[in-house]
Protein chains: 2
Amino acid sequence: MPTLDSSTRDRIVTAATSLIMERGYDKTTMRAIAERAEVSLGSTYYYFGGKEELVQGFYLRIARETCARASAAMDGVTSFSKRLDACFEAFMDTSEEYRPIADSLLSLAIVPSSPLSPFSDQSRPARDLFLSMYVDMIDGSDLKTDSRLRQALPDLLWSVQMLITLGWVQDLSPGQRVTRTIVARLAPSLSRLLSLVRLAPFRPFVDDALEGLAIVKTGRETRAHVGV
Amino acid sequence: MPTLDSSTRDRIVTAATSLIMERGYDKTTMRAIAERAEVSLGSTYYYFGGKEELVQGFYLRIARETCARASAAMDGVTSFSKRLDACFEAFMDTSEEYRPIADSLLSLAIVPSSPLSPFSDQSRPARDLFLSMYVDMIDGSDLKTDSRLRQALPDLLWSVQMLITLGWVQDLSPGQRVTRTIVARLAPSLSRLLSLVRLAPFRPFVDDALEGLAIVKTGRETRAHVGV
DNA sequence: GCGGCGACTTGAACACGTTCAGATTCGGTG
DNA sequence: CACCGAATCTGAACGTGTTCAAGTCGCCGC
């Protein structure tokens, strides 16, 4: 029964994932991973570049679980505010499970040159999943807004999500209650803001913000082109 | 002439600082620091808890230099927008010097339980310096705004500054041109936003935002009280 | 002078992530 | 079967941050 369909590679990543969830990232040693996976220490380095690479799997897991929860919660709901809230809540609920290792993960993810950066190529699958979640959320909603803004919205909301994560990690209140409180208020606030911003007097502000976003985006693309 | 007034402690921190600036944080070994400071490896651990503690000094250096530049640039200027911009530019100019080690520093600072967290007690001196910079900036300006908002503004601007840092580290464009472009637009935008927000229809939004800020602040205080 | 105590210093030793030169396995070819 | 080359695997060894038991020094009370 055991070790039937599981290749060495899978065994290692399984061992790493379970150990990291049990003890945390720092206290999980490569030797312990190798032992649980029943391979030598050297073999783990044959399949993976290093310890960091062994946490890549977490991203996709979190993205998938968030999307599943969100789409379930959005079923039959058309209110933009409520759909957005469902996405945020889904993300918070999913993240909660990984809170014990969040510090270590963020510490790795914050380094721009790391493959674990949320902007990296390796993170693209997870990132795209989140973006499609927000696209679905918007498309199924009653949101009425400027088409340029609508187009930029998934990126913007993904950025908001990243900032939420940042605050959530810093939030040491029990159960991250502060962050949850703020996040619960966020969807209605953003929803109202988007309605408000349709009015003519806000044109310059919207233009300003969208232009800023465009600068960031092209900056990122040209960098990718140069290939740092 | 040498080693006249310099205690062992100072020699170590000097050696560490210079080596980190030369080679970066990761490539600076504790053994190299001990060697340059002309002490044994063990002694460095007698005076400092570990490698991380040796970068504490950078915070205050950056804060002091930023304040100096900002107050020079604000001299005689009363326009809020221009004074704010002076602070932002001062911070960017100062940070530039430390860009090579920014990744490592941020990676350490992002961990909430670390003494290097910008919210930690150990970081208070640097944080207070920045806050006083923004207080001076506001007090010497022609800003007219709600008194509650005025009171919250230093904290808000410090948070903005943290977010700028975050983006600046992620910004891989040459010379961090993207961040500089965004930051250059930020002061006028925020200034206009603050004017706009004085109008009656925006009351609920301001209240919302200030209440959110209050939640975060009290959350932080109660945490400090419990003493995690 | 002497004993002792606290501040300071030391380098060996530990556990860790990582590397590497070689050993082993295995599918295919003559 | 014999042999080869590539894929896979191995554990010793390296450099690192950190710990610690032991050593050294200076000063105070007697």
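Each chain gets a letter, A, B and so on, in the order the sequences are listed, and its residues count up from 1. Everything quoted here is computed from the prediction, not taken from an experiment.
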Can you tell me the distance, in whole Å, between the [atom1] atom of [X] and the [atom2] atom of [N]?
X	N	atom1	atom2	answer
Met30(B)	dT19(D)	CE	C1'	12 Å
Ile12(A)	dT10(D)	CD1	C1'	13 Å
Lys51(A)	dT16(D)	NZ	P	19 Å
Glu38(B)	dT10(C)	CD	P	11 Å
Glu53(A)	dT18(C)	CD	C1'	13 Å
Leu41(B)	dC14(C)	CG	P	16 Å
Asp26(B)	dG17(C)	CG	P	15 Å

I'd like to know if the side chain of [X] and the backbone of [Y] have a donor-acceptor N/O pair within less than 3.5 Å.
X	Y	result
Thr181(A)	Arg177(A)	yes
Gln122(B)	Ser114(B)	no
Thr94(B)	Ala90(B)	yes
Arg83(A)	Met137(A)	yes

Please round to 10 degrees the angle between the axis of the first five pairs and the axis of the last five pairs in the helix from dG1(C)-dC30(D) to dG30(C)-dC1(D).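 It comes to 30° between the two terminal axes.
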
For a quick check of understanding: with a heavy-atom distance under 4.0 Å over all strands, which category does [X] fall into, base, sugar-phosphate or nothing?
X	result
Thr44(A)	nothing
Gly50(A)	sugar-phosphate
Phe48(A)	nothing

Ser104(B) versus Ser107(B), side-chain donor and acceptor atoms under 3.5 Å: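 Looking only at side-chain atoms, Ser104(B) and Ser107(B) do not form any donor-acceptor pair under 3.5 Å.
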
Does the ring center of Trp168(B) lie less than 6.0 Å from the ring center of Phe88(B)?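 That pair fails the under 6.0 Å test.
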
Taking only distance into account, with no hydrogens and no angle test, what donor-acceptor pairs under 3.5 Å do side-chain atoms of residues 43-50 of chain B form with protein atoms, sequence neighbours excluded?
residue  : atom : partner  : partner atom : Å
Thr44(B) : OG1  : Leu41(B) : O            : 2.6

Using a cut-off of less than 4.0 Å, is there contact between a side-chain N or O of Ser43(B) and OP1 or OP2 of dT10(C)?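 Answer is yes, contact under 4.0 Å.
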
When you measure from the side-chain N and O atoms of Thr8(A) to the phosphate of dC9(D), is any distance below 4.0 Å, counting only OP1 and OP2?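 Answer yes for this pair, as a side-chain N or O of Thr8(A) is under 4.0 Å from OP1 or OP2.
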
Closest approach to the side chain of [X], judged atom by atom: which nucleotide of [options] is it?
X	options	value
Thr29(B)	dT16(D), dA12(C), dC9(D)	dT16(D)
Val39(A)	dT10(D), dA12(D), dA12(C)	dT10(D)
Tyr46(B)	dC9(D), dG17(C), dC8(C)	dC8(C)
Ser40(B)	dT10(C), dT18(D), dT18(C)	dT10(C)
Tyr45(B)	dG17(D), dC9(D), dT18(C)	dG17(D)

Run Ser120(A) and Ser123(A) through side-chain hydrogen bond (donor to acceptor under 3.5 Å, both in side chains) and show every step you take. CA-CA 5 Å; Ser120(A) 76; Ser123(A) 303; 3.0 Å; yes

Is any N or O donor-acceptor pair between the side chain of Arg31(B) and the base of dG17(D) shorter than 3.5 Å?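 Check passes, donor-acceptor contact within cut-off.
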
By nearest heavy atom, map Gly42(B) and Glu52(A) onto DNA chain C; which one lands nearer the 5' end?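 In this pair, the answer is Gly42(B).
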
